[in-house]
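Everything below concerns the one structure shown next.
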Amino acid sequence: FIINPLYKDFWDKVLSIRESVARVNPFAAIKAMMGTISEKYFALTHRYPSRVKWIDEFGYDPKQLHHLIRVYKFMESYHNGIHLFTYQDLVESNHLLPAEKERIKNIKRMGCGDLETAQKFADLYYGMAKDLCDGAKMYYDGKDDEYIKEIMFAIMGEMVKLSIKKELE
């Protein structure tokens with residue numbers, strides 16, 4: 001990707017604290033992941049115009065099931081391995097064994113059988129995600145890391161000042 005040279009120093013500052021930013025509020029992150037999983041769960045058989053072909057072929061959308069499982073695995077590793085994996089590892093699915101990563105990709109490509117089988121998988125992963133999300137309340141206070149927020153707001157403030165200064169030149 002291309003970064004405006006004017007903002008490169010700001011970008012570098014954000015990159016230097018990216019792991020802390022990714023974990024500024026773990027409970028909020030887990031709830032957001034649960035929201036994505038819920039959307040994928042309910043989209044499994046929804047006839048979105050761009051996904052009708054797959055619904056007609058499989059009875060469900062394999063891509064939705066793939067995403068539901070992938071996000072659950074992300075959530076599980078984010079929560080259970082919060083200090084074991086970098087956020088980048090999680091985004092790139094590097095926390096998964098190669099065979100598991102391939103199995104999940106194959107669901108997107110070829111499905112996992114009929115609608116009944118897919119629904120069982122969806123129910124299983126949705127239920128595990130809900131349990132993890134509900135249980136996460138015991139581990140996290142739900143508050144933001146104020147120190148990291150202060151740093152981010154300072155960086156954003158510097159960027160806005162520079163932008164306004166450049167506009168007025």
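A quick note: this is a predicted structure, and the numbers were derived from the prediction, not measured.
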Which value, rounded to the nearest 0.5 Å, describes the distance between [X] atom [atom1] and [Y] atom [atom2]?
{"X": "Leu115", "Y": "Phe58", "atom1": "CG", "atom2": "CZ", "result": "12.0 Å"}
{"X": "Ser93", "Y": "Arg70", "atom1": "OG", "atom2": "CZ", "result": "6.0 Å"}
{"X": "Tyr87", "Y": "Arg18", "atom1": "OH", "atom2": "CZ", "result": "12.5 Å"}
{"X": "Glu116", "Y": "Tyr60", "atom1": "CD", "atom2": "OH", "result": "12.0 Å"}
{"X": "Leu68", "Y": "Tyr126", "atom1": "CG", "atom2": "OH", "result": "9.5 Å"}
{"X": "Ile30", "Y": "Asp134", "atom1": "CD1", "atom2": "CG", "result": "11.0 Å"}

Identify whether [X] and [Y] are in the same connected component of the hydrophobic contact network (ILVMFWY, side-chain heavy atoms under 4.5 Å).
{"X": "Leu6", "Y": "Ile155", "answer": "yes"}
{"X": "Leu96", "Y": "Met128", "answer": "yes"}
{"X": "Leu124", "Y": "Phe42", "answer": "yes"}
{"X": "Val21", "Y": "Met75", "answer": "no"}
{"X": "Val52", "Y": "Trp54", "answer": "no"}

Indicate yes or no: at least one non-hydrogen side-chain atom of [X] is less than 4.5 angstrom from one of [Y].
{"X": "Leu162", "Y": "Lys166", "result": "yes"}
{"X": "His67", "Y": "Glu39", "result": "no"}
{"X": "Tyr78", "Y": "Arg23", "result": "yes"}
{"X": "Tyr140", "Y": "His79", "result": "yes"}
{"X": "Asn94", "Y": "Phe85", "result": "no"}
{"X": "Ser20", "Y": "Asp145", "result": "no"}

Got a sec: does the [atom1] of [X] have more than 12 other heavy atoms crowding it under 6.0 Å?
{"X": "Leu168", "atom1": "CG", "value": "yes"}
{"X": "Phe121", "atom1": "CZ", "value": "no"}
{"X": "Tyr147", "atom1": "OH", "value": "no"}
{"X": "Glu167", "atom1": "CD", "value": "no"}

From the list Lys40, Arg47, Arg51, side chain to side chain donor-acceptor pair (under 3.5 Å) partner of Asp61 resolves to Arg51

Do you know the tightest heavy-atom contact between [X] and [Y]?
{"X": "His66", "Y": "Ile107", "result": "N-CG2, 4.1 Å"}
{"X": "Ala129", "Y": "Ile37", "result": "CB-CD1, 3.6 Å"}
{"X": "Cys112", "Y": "Ala118", "result": "SG-CA, 3.6 Å"}
{"X": "Ser77", "Y": "His95", "result": "OG-CD2, 2.8 Å"}
{"X": "Cys133", "Y": "Met34", "result": "SG-CB, 3.9 Å"}

Determine, step by step, whether Tyr125 and Lys73 satisfy the side-chain contact (heavy atoms from CB on, under 4.5 Å) criterion, reporting the C-alpha distance in whole Å, the side-chain angles of both residues, the deciding distance to 0.1 Å, and the verdict. CA-CA 9 Å; Tyr125 282 97; Lys73 293 291 189 177; 4.2 Å; yes

Side chains of Arg109 and Asn106: donor-acceptor distance under 3.5 Å anywhere?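 Present: a donor and an acceptor within the cut-off.
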
Pair Tyr41-Asp123, side-chain donor/acceptor within less than 3.5 Å: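 Looking only at side-chain atoms, Asp123 and Tyr41 do form a donor-acceptor pair, the distance falling under 3.5 Å.
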
Under-4.0 Å salt bridge between Glu169 and Lys165: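 Here Glu169 does not pair with Lys165 in a salt bridge, since their nearest N and O are not under 4.0 Å apart.
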
Pair Asp12 + Lys8: basic N to acidic O under 4.0 Å: yes

Side chain to side chain contact (heavy atoms under 4.5 Å, CB included) partner of Phe74, chosen from Ile69, Leu90, Thr36: Leu90

Whether Ser163 side chain and Met159 backbone form a donor-acceptor pair below 3.5 Å: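 No, Ser163 side chain to Met159 backbone: no donor-acceptor pair under 3.5 Å.
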
Closer than 3.5 angstrom, by distance alone: can the side chain of Ser16 be matched with the main-chain N or O of Lys13 as a donor-acceptor pair? yes

